[in-house]
Structures are given as C-alpha cells and as structure tokens.
Amino acid sequence: MHQRMELLPGVWLQGVRTDRFKSACLSFSLLRPLCRQEAALNALLPNVLIQGSARHESLQDISRALDQLYGASMGPLVRKCGEIQTCGFYLSFLEDRFAMTGDRILEPMLDLLREILLEPLLEQGAFLPAYVEREKENLISTIESGLNDKRAYADRQMLRAMCREDGFGVPRLGEIEDVRAITPASLYRHYRRVLASSRIEIFYAGSADLTALGEQLRALLRELPRESLAGLPFAPMPRRPEPQYLEETMELTQGKLSMGFTTGITTRDPRFPALMVCNALFGGGLTCKLFQNVRERLSLCYYVSSMVYGAKGIVMVSSGIDTSNYTLAKDEILRQLEACQAGDITPEELTAAQEAICSSLKTVPDSVGRMEDYALFCILNDFPLEPEAYRAAARAVTVEDAAAAAREIRLDTIFFLKGASQ
C-alpha cells in the first residue's frame with residue numbers, strides 16, 4: 001500500500017507498507033537547487049552531522065547505539081537529479097516484529113535521526129573544527145578519486161561544458177576549491193538555512209502503519225524551522241544552434257570520447273517511455289546498435305554505451321577508443337543514431353529493448369532499497385508512472401514511436417580526452 005502525506009509545511013512522507021522483508025528502510029532528503037555556491041556545502045553537511053550529536057558525541061558512540069538496535073545502519077546520502085541536489089540520510093533496520101519480545105527498533109531509530117539532525121554537536125556556536133576538517137579531507141579525497149577514473153572524468157567534462165549555464169553542469173559533490181573554503185561557522189550557517197528553507201522528502205518502506213508513522217515523524221520534527229521554501233528548477237536542456245567540440249590531452253593509453261545530445265523530452269513528457277526504448281535500441285545494452293556495430297562488428301571502441309538523464313532530456317554516449325579511430329568512431333556512432341531515426345529497427349531489436357527496460361523495472365519491488373530509489377526518482381522528476389504502468393508503457397512503444405523519439409535527439413557537445421603521446 002502506497003501513501004503520501006504532508007507532515008509539516010514542505011515536509012512530505014512517502015510510504016510503502018509491505019511485510020515482505022525482515023528489514024525496513026527510511027530515507028530523509030533535503031532538496032536544494034543545484035548550484036556552485038551550495039554544492040560542496042550540501043555534500044559535506046550530512047557527513048559532518050553524522051560524526052556526533054549532543055548526546056552521542058562521536059561516530060563511535062553513534063555506531064554503538066546502532067549496534068544495540070540489532071545492527072541497524074545510518075549513512076549520509078548525497079544525490080543529484082537534474083538541477084536538484086539532495087543531502088540527507090539513509091536508515092536500514094530490522095523490523096520490530098522480528099526483534100525480541102518488548103524490544104522496539106523503529107521508534108529509537110527515528111529518535112536517533114531527529115537527534116543527529118536537530119541536536120548537532122557544537123563548539124562556540126559552530127560545528128566542531130576537528131570533525132569539519134576531517135570530513136573536508138575525506139570529501140576532497142572522494143572527488144580526487146573520481147578524477148582518476150578517466151571515463152567518468154571525460155563524461156563529467158562533457159556535461160560541464162554542455163551545461164555550463166545550467167545547474168546540471170555542477171558536480172554532485174562540488175568543487176575541491178569550494179570544499180577547502182568551508183569553515184565550521186560557514187557550514188553551520190548553511191545548515192540553519194537548509195533546515196529552514198528546503199523541501200524535505202522522507203521515504204519509508206516496511207510493515208509499520210503509515211498513518212501512525214506520519215504522526216510519530218510529525219511530533220519528532222515539530223522543532224524543525226520552516227520558512228519560505230527554495231524553488232526547485234526543472235527544465236529540459238535548451239538547444240544549441242551548432243554543436244561544440246572540445247578536446248583535452250592527458251597521459252593515458254585509451255582515448256575517451258563523450259558525446260552529449262539534447263532531446264527536449266523529459267520525464268514529464270508522455271513520450272519519455274519511447275525515448276527510453278529508443279535509448280535501449282541505440283546504446284543501452286548488449287543487443288543495442290552501438291554495441292553490436294561500433295564495438296563488435298567494426299571494433300572501433302573498447303566500450304560504448306548511451307544513457308538518458310531524464311530530468312534534463314539529455315542523452316549521453318560514452319566510449320573508449322584509440323585516438324586514431326576518433327573520426328571513424330564518431331561518424332559511426334552518429335550513423336547508428338541515424339538508423340534509429342530512420343526506423344531501421346527490427347522486431348527483435350525492439351523486443352529486446354523493451355524487455356531490458358521491463359526486466360529492470362520488475363526488480364523494483366524486490367528490495368526496499370530499489371523501492372526507495374525508484375520513489376525518489378519519481379518524486380524528483382515528477383514522473384507519474386509506477387513500475388507496472390511504466391512497463392506497460394514501454395511494451396506499448398512501436399517502431400515509429402521509437403524512431404520519432406530518435407528524431408528529437410540532436411548533437412550538442414563532443415568532448416574528446418586523448419593521450420599525450422597519441
């Protein structure tokens with residue numbers, strides 16, 4: 001049973017009542033407009049909050065409290081969806097009905113969440129410097145590790161160039177120089193602002209009564225400050241008059257070719273299922289045109305695939321190539337897109353694409369984590385379809401539907417990362 005309710009102004013609970021699992025989950029997400037000024041602060045905040053609270057002054061104290069709750073877990077969560085960045089926590093814990101007689105797990109987990117969120121450990125009106133500095137270094141290390149993944153780096157640079165005037169071009173974890181500039185006082189000021197002005201989405205999946213859970217959360221969060229809420233942007237990526245071409249040289253043995261396309265079709269568009277089927281035909285799996293032709297038949301790529309960013313209506317092709325094959329690979333990728341646009345799609349290709357989408361959707365009810373991820377996808381993208389309805393929509397897509405969606409795909413940006421010696 002699904003239920004959605006507003007607990008406080010701008011604070012929403014989305015619940016799925018199910019008794020299929022031994023463990024339940026609850027996520028708490030603060031929604032912010034993704035922008036350079038806030039991205040690093042938002043990414044750092046939950047990591048600092050979970051280091052200690054007024055009653056549990058260290059991460060070790062919090063870990064011991066979770067261990068006493070049958071090994072429950074609570075971790076920071078930072079996500080990016082279109083021009084929205086979320087920061088918060090993900091909780092996983094044993095269902096009360098499997099605990100020993102008289103033991104309760106849900107209620108103390110909710111209280112621990114409230115404590116970490118609303119009773120942070122402070123020193124002279126700011127977060128503890130030692131905790132802030134340690135988590136800054138951890139965040140910088142995480143960002144730097146991403147720079148070492150050259151495929152991810154090329155894709156990120158392409159999106160940054162493609163969306164330089166748009167919030168979607170801002171990295172999920174922010175920029176290293178912005179992390180370094182954060183102080184305990186500036187982070188605390190941001191924390192107060194975020195609590196007061198953010199829309200909040202809480203998701204729960206488990207066997208608890210959802211109405212009763214809503215009342216518990218409403219009571220626990222009654223001290224949450226609420227002011228005017230920050231607006232959350234949502235718009236397809238605008239078209240560029242002409243494609244842009246960018247190139248970067250780095251010490252590597254394999255070139256990385258990343259290509260960005262606009263479509264004008266977002267998750268709010270009824271044509272979105274057709275775009276997803278089109279993407280599966282084009283580059284979304286082992287039976288797709290890019291894999292079968294560009295990689296297998298012509299051996300122009302070490303890897304090649306495409307994906308859709310539904311909130312922005314963007315399709316991205318990511319590939320690894322020999323630098324000498326740049327023109328051949330680029331032209332063949334575009335040629336396979338033209339084949340989709342022309343409706344050069346066999347019944348077998350269409351069925352395989354549809355089944356790839358349906359198989360993925362079929363697993364959503366199989367874990368509370370998948371349910372949480374899909375629910376937040378729908379909430380952040382204003383996507384109206386439950387998994388079963390989405391599967392039906394995908395199966396209803398025809399060759400002409402997929403071809404029509406493909407004809408909306410237009411090249412916007414090419415970024416090529418090539419080796420220094422190549």
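In this chain, residues are counted from 1 in sequence order.
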With respect to H56, which candidate in E115, R64, E119 satisfies the side chain to side chain donor-acceptor pair (under 3.5 Å) definition? E115

Check whether any side-chain N or O of [X] sits under 3.5 Å from a backbone N or O of [Y] as a donor-acceptor pair, and report yes or no.
X	Y	value
E38	L34	no
E201	L30	no
T351	E348	no
Y70	M100	yes
S198	L195	no
E95	S207	yes
R114	M109	no
R295	V304	no
R391	E386	no
N47	A43	yes

Can R268 be said to sit on top of F234's aromatic six-ring, NZ or CZ under 6.0 Å from centre and within 45° of the ring axis? yes

Within this structure, what is the CG-OG distance for the pair L159 and S258, rounded to the nearest 0.5 Å? 6.5 Å

[X] and [Y] ion-paired at < 4.0 Å:
X	Y	answer
R104	E107	no
R20	D366	yes
R395	E355	yes
E227	R192	no
K312	E83	yes

Quick check on E242: does its CD atom have over 12 non-hydrogen neighbours (other residues, nucleotides or ligands) under 6.0 Å away? no

E165 atom CD, neighbour heavy-atom count above 12 within 6.0 Å: no

Stepwise side chain to side chain contact (heavy atoms under 4.5 Å, CB included) test for Q14 and Q3: CA-CA 6 Å; Q14 175 111 349; Q3 197 168 335; over 6 Å; no

A72 to F93 - nearest heavy-atom pair and separation: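 Looking at all heavy atoms of both residues, the shortest contact is CB-CB, 3.8 Å.
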
Nearest heavy-atom pair of A154 and K256: which atoms, and what distance?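 Reported closest heavy-atom pair: CB-CB, 3.6 Å.
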
Can F383 and Y390 be said to form a ring-ring contact (aromatic ring centres under 6.0 Å, His included), step by step? CA-CA 10 Å; F383 187 61; Y390 191 1; 5.1 Å; yes

Quiz question: by atom type and distance under 3.5 Å, do the side chains of R151 and S318 form a donor-acceptor pair? yes

Set out, in order, the CA-CA distance, both residues' side-chain angles and the distance that settles ring-ring contact (aromatic ring centres under 6.0 Å, His included) for Y188 and F127, then state yes or no. CA-CA 6 Å; Y188 183 70; F127 290 119; 5.5 Å; yes

Mind checking whether F168 and Y309 have parallel, tilted or perpendicular rings, split at 30° and 60°? perpendicular

State which residue, out of R160, R156, R180, fulfils the salt bridge (Lys or Arg N to Asp or Glu O under 4.0 Å) condition with E175. R160

